[in-house]
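Since the structure comes first, as structure tokens, the remarks are kept for the end.
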Amino acid sequence: MTDSKSWEPLRRELDRWQAAGRVARFWLRDDDAIEPTPDLETLLASTGDNAVPLTLAVIPGLTGEALASRLAEEAGVSVAVHGWSHRNHAGPERKKQELGAERPAEIVLGELGDGFRLLHGLYPARFLPVLVPPWNRIDAALIPALPDLGFAGLSVYGRAKQGGPIPLLNTHVDIIDWHGTRGGRAEEELVAELVVELSDRFAGSDEPIGVLAHHLVHDAAAWDFLSALFAVTSHPAVRWLPASALLER
């Protein structure tokens, strides 16, 4: 709940921003969308009710008209390219990766081009020319070829390194405990991470703060956190922005 003491550090930080006449930019990315589900409906209702723009990373090789029809009237939703099939091609001793060096680059890039064209056709009004690599991993040798495929941005996880061949629009706070419960992480931990990110921006970084969700695996803790986050960040020092606006900078 938003009256919990665990949210006080975030409130204090946002009040500091307001007192300084500053505004923090936030954006929301949710990965692995394929089709309409009850969990997706919960996410759409929550973001819609709170006027929070949503970027859905959709898996091209597993999606189709059903999701496109459902999102057709969702003005606050944009669709990014989430690899091709979200299939792991790395060896058993390596971290999972679809867009790695295990396969010839022309095959990997060919799939990404197919995914770009497929989602562009399905979502003419919602399409965002941004690649979201599955598991947030991509072989560095592939990145210079992305603009030639039509991509205008790349979104992975962690602080963005500037000066590369394509703009980065990264996420920084993942609400899921992937190495433990595989549900929502502890509220106190997430609030602390948000405060660290805000403190970094206050000190001079201009990078938007990206929050990462995965609606298909949300438990009650994850949904409660998002609901509380949207309430606390309904604050004069916060702007939730669409990814398209952040890429235009």
Side-chain angles (χ1 to χ4, degrees), residues 1-2 6-31 33 39-58 71 73-80 123 125-130 132 152-153 155-160 167-176 184-185 187 190-202 205-215 218 222-249:
M1 300 296 292
T2 56
S6 61
W7 287 93
E8 281 306 310
L10 181 58
R11 291 193 183 94
R12 288 196 299 269
E13 181 66 18
L14 293 178
D15 288 345
R16 178 169 78 119
W17 278 68
Q18 183 181 10
R22 304 275 299 277
V23 176
R25 298 175 301 150
F26 280 71
W27 77 289
L28 178 65
R29 196 186 96 199
D30 182 277
D31 289 0
D39 287 328
L40 179 62
E41 293 301 327
T42 300
L43 180 64
L44 293 174
S46 181
T47 54
D49 290 346
N50 290 280
V52 172
L54 169 65
T55 296
L56 279 178
V58 175
L71 298 181
E73 303 304 321
E74 295 288 341
V77 177
S78 59
V79 170
Y123 301 95
R126 304 276 172 265
F127 183 68
L128 182 73
V130 168
V132 178
S155 181
V156 289
Y157 191 80
R159 301 287 174 86
L168 292 175
L169 181 59
N170 284 0
T171 54
H172 309 90
V173 178
D174 188 340
I175 73 172
I176 300 299
R185 293 172 58 204
E187 189 174 74
L190 291 167
V191 169
E193 287 187 10
L194 287 167
V195 170
V196 168
E197 296 295 334
L198 281 163
S199 297
D200 173 73
R201 306 315 189 271
F202 196 88
S205 171
D206 192 40
E207 185 176 358
I209 297 172
V211 176
L212 178 56
H214 289 77
H215 68 276
H218 283 193
W223 290 122
D224 288 347
F225 175 81
L226 277 186
S227 178
L229 176 64
F230 295 159
V232 172
T233 55
S234 179
H235 187 285
V238 174
R239 294 290 184 275
W240 285 94
L241 295 170
S244 57
L246 297 170
L247 280 174
E248 290 171 359
R249 290 179 60 87

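Atom CG in Asn50 sits 7.5 Å away from atom OG1 in Thr233 (nearest 0.5 Å). Here the CG-OH distance, from Leu56 to Tyr123, works out to 8.0 Å after rounding to the nearest 0.5 Å. Rounded to the nearest 0.5 Å, atoms CZ (Arg25) and CD1 (Ile209) are 9.5 Å apart. Annotation: the span from Glu13 atom CD to Glu8 atom CD amounts to 13.0 Å, rounded to 0.5 Å. Distance CG/Leu194 to CG/Leu10: 6.0 Å, rounded to 0.5 Å. Put simply, CH2 on Trp240 and OG on Ser234 are 11.5 Å apart, with the number rounded to the nearest 0.5 Å.
Counting only distance, with no hydrogens or angles, the side chain of Tyr157 and the backbone of His172 share a donor-acceptor pair below 3.5 Å. A donor-acceptor pair is defined here as one N or O able to donate and one able to accept, closer than 3.5 Å; no such pair exists between the side chain of Arg16 and the backbone of Ser199. A side-chain donor-acceptor contact under 3.5 Å links Arg126 to the backbone of Glu74. In terms of modelled atom types and a separation under 3.5 Å, the side chain of Arg29 and the main chain of Ala213 share no donor-acceptor contact. Within the 3.5 Å criterion, the main-chain N or O of Val156 finds a donor-acceptor partner in the side chain of Thr171. Under a 3.5 Å cut-off, the side chain of Arg185 and the backbone N or O of Asp174 do form a donor-acceptor pair. Although no hydrogens or angles enter the test, the distance criterion places a donor-acceptor pair under 3.5 Å between the side chain of Glu207 and the main chain of Ala160. Distance alone, capped at 3.5 Å, places no donor-acceptor pair between the Ser46 side chain and the Leu43 backbone. No donor-acceptor pair closer than 3.5 Å links the side chain of Asp31 to the backbone N or O of Ala57.
At a cut-off of 3.5 Å, with distance as the only test, no side-chain donor of Trp27 or Thr55 sits close to an acceptor on the other residue. Side chains of Asp39 and His215: no donor on one and acceptor on the other come within 3.5 Å.
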Next item on the list: For the pair Val232 and Val238, evaluate side-chain contact (heavy atoms from CB on, under 4.5 Å) and give the outcome as yes or no after the intermediate values.
Entry: CA-CA 10 Å; Val232 172; Val238 174; over 6 Å; no
Next item on the list: Test Ile175 against Leu212 for side-chain contact (heavy atoms from CB on, under 4.5 Å), laying out the working first.
Entry: CA-CA 6 Å; Ile175 73 172; Leu212 178 56; over 6 Å; no
Item checked: Val130 vs Leu169, side-chain contact (heavy atoms from CB on, under 4.5 Å): CA-CA, chis, key distance, verdict -> CA-CA 9 Å; Val130 168; Leu169 181 59; 5.6 Å; no
Next item on the list: Would you please test Leu128 and Leu247 for side-chain contact (heavy atoms from CB on, under 4.5 Å) and show each step?
Entry: CA-CA 10 Å; Leu128 182 73; Leu247 280 174; 4.1 Å; yes
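Between His218 and Trp223, the ring planes are perpendicular. Angles over 60° get that label, and only those under 30° would be called parallel.
When all heavy atoms of Asp200 and Ser205 are compared, the closest pair comes out as OD2-CB, 3.2 Å.
For Arg239 and Phe26, the positive end is not near the middle of the six-membered ring at less than 6.0 Å and at most 45° from its axis.
Contact check on Arg159 versus Glu197 returns a salt bridge, with a Lys/Arg side-chain nitrogen under 4.0 Å from an Asp/Glu carboxylate oxygen.
At least one side-chain heavy atom of Leu229 sits less than 4.5 Å from a side-chain heavy atom of Trp7.
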